Amino acid sequence: MFRRVIFRSRLAAFLLNLTQRLQARGFSASSLVLRMTCEEIGSYLGLKLETVSRTFSKFQEDGVLDVKQRQITVLDPQALQRLISNAAC
């Protein structure tokens, strides 16, 4: 269970950081097109492809993200922030 929290918080931090950097450049703060594959994201975050895929699915089930292929919409950035904060405790 604790490992899942760590995995989810890594992906949450990645997505929040990415949306914040895009917003600073004048793009949408909530919608983005991922140029990286799940495998590349996993490699970057130290996670397996399956873990990244399952975590995206879990975020979508929980209403945190809307995922349509590579189009990601962050529906609840506060939920992502909570995941990061909870993992830090």
Side-chain angles (χ1 to χ4, degrees):
M1 169 110 172
F2 181 71
R3 291 176 65 188
R4 276 186 261 157
V5 171
I6 299 283
F7 299 154
R8 290 177 185 158
S9 69
R10 283 187 193 173
L11 187 57
F14 171 77
L15 291 170
L16 277 181
N17 180 273
L18 186 56
T19 56
Q20 290 167 353
R21 287 186 295 139
L22 288 171
Q23 183 181 21
R25 293 185 174 151
F27 295 98
S28 172
S30 62
S31 185
L32 62 118
V33 176
L34 277 179
R35 301 288 180 208
M36 298 170 75
T37 65
C38 284
E39 187 172 8
E40 291 168 334
I41 294 169
S43 178
Y44 180 75
L45 298 176
L47 304 172
K48 293 185 178 185
L49 163 69
E50 296 82 6
T51 303
V52 174
S53 181
R54 275 191 234 117
T55 304
F56 270 121
S57 294
K58 178 68 174 151
F59 286 172
Q60 189 162 4
E61 284 175 28
D62 293 346
V64 177
L65 300 178
D66 182 41
V67 181
K68 291 189 174 94
Q69 296 179 358
R70 291 183 182 242
Q71 179 71 39
I72 307 292
T73 304
V74 178
L75 303 173
D76 190 353
Q78 292 82 16
L80 293 176
Q81 188 60 57
R82 282 191 303 273
L83 281 167
I84 297 165
S85 298
N86 290 343
C89 293

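Remember, it's a predicted structure, so these values are computed and weren't measured experimentally.
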- Nearest heavy-atom neighbours spanning Arg8 and Phe59: O-CZ, 3.6 Å

- List the steps, then state whether side-chain contact (heavy atoms from CB on, under 4.5 Å) holds for Asp76 with Arg82. CA-CA 10 Å; Asp76 190 353; Arg82 282 191 303 273; 3.9 Å; yes

- NZ on Lys68 to CD on Gln60, rounded to 0.5 Å: 7.5 Å

- Task: Evaluate the criterion side-chain contact (heavy atoms from CB on, under 4.5 Å) for residue pair Leu11 and Phe14; output intermediate values, then yes/no.
- Result: CA-CA 5 Å; Leu11 187 57; Phe14 171 77; 4.2 Å; yes

- In one Ile/Leu/Val/Met/Phe/Trp/Tyr side-chain cluster, 4.5 Å: Leu80, Leu75: no

- Query: So, for Ala29 and Thr19, which heavy atoms are closest and what is the spacing to 0.1 Å?
  - Reply: O-CB, 3.4 Å

- What distance separates Gln20 CD from Leu18 CG, expressed to the nearest 0.5 Å? 9.5 Å

- Task: Using a 4.5 Å cut-off on heavy atoms from C-beta on, say whether the side chain of Pro77 contacts that of Leu16.
- Result: yes

- Approximate separation, where rounding is to 0.5 Å, of Ile72 CD1 and Ser28 OG: 12.5 Å

- Val64 to Ala79 - nearest heavy-atom pair and separation: CG2-CB, 3.8 Å

Distance-only donor-acceptor pairs under 3.5 Å for side chains of residues 37-53, two or more places apart:
residue, atom, partner, partner atom, Å
Thr37, OG1, Glu39, N, 3.4
Thr37, OG1, Glu40, N, 3.0
Glu40, OE1, Thr37, N, 2.8

- Item | For the student: nearest non-hydrogen atoms of Leu83 and Ser9, plus distance | O-CB, 3.5 Å

- Query: What's the verdict on side-chain contact (heavy atoms from CB on, under 4.5 Å) for Leu65 and Thr73, showing C-alpha distance, side-chain angles and the deciding distance?
  - Reply: CA-CA 6 Å; Leu65 300 178; Thr73 304; over 6 Å; no

- Message: Quick check for you: to the nearest 0.5 Å, what is the distance between Leu22 atom CG and Ser30 atom OG?
- Response: 11.0 Å

- Message: Working to the nearest 0.5 angstrom, can you tell me the gap between Leu32 CG and Arg70 CZ?
- Response: 12.0 Å

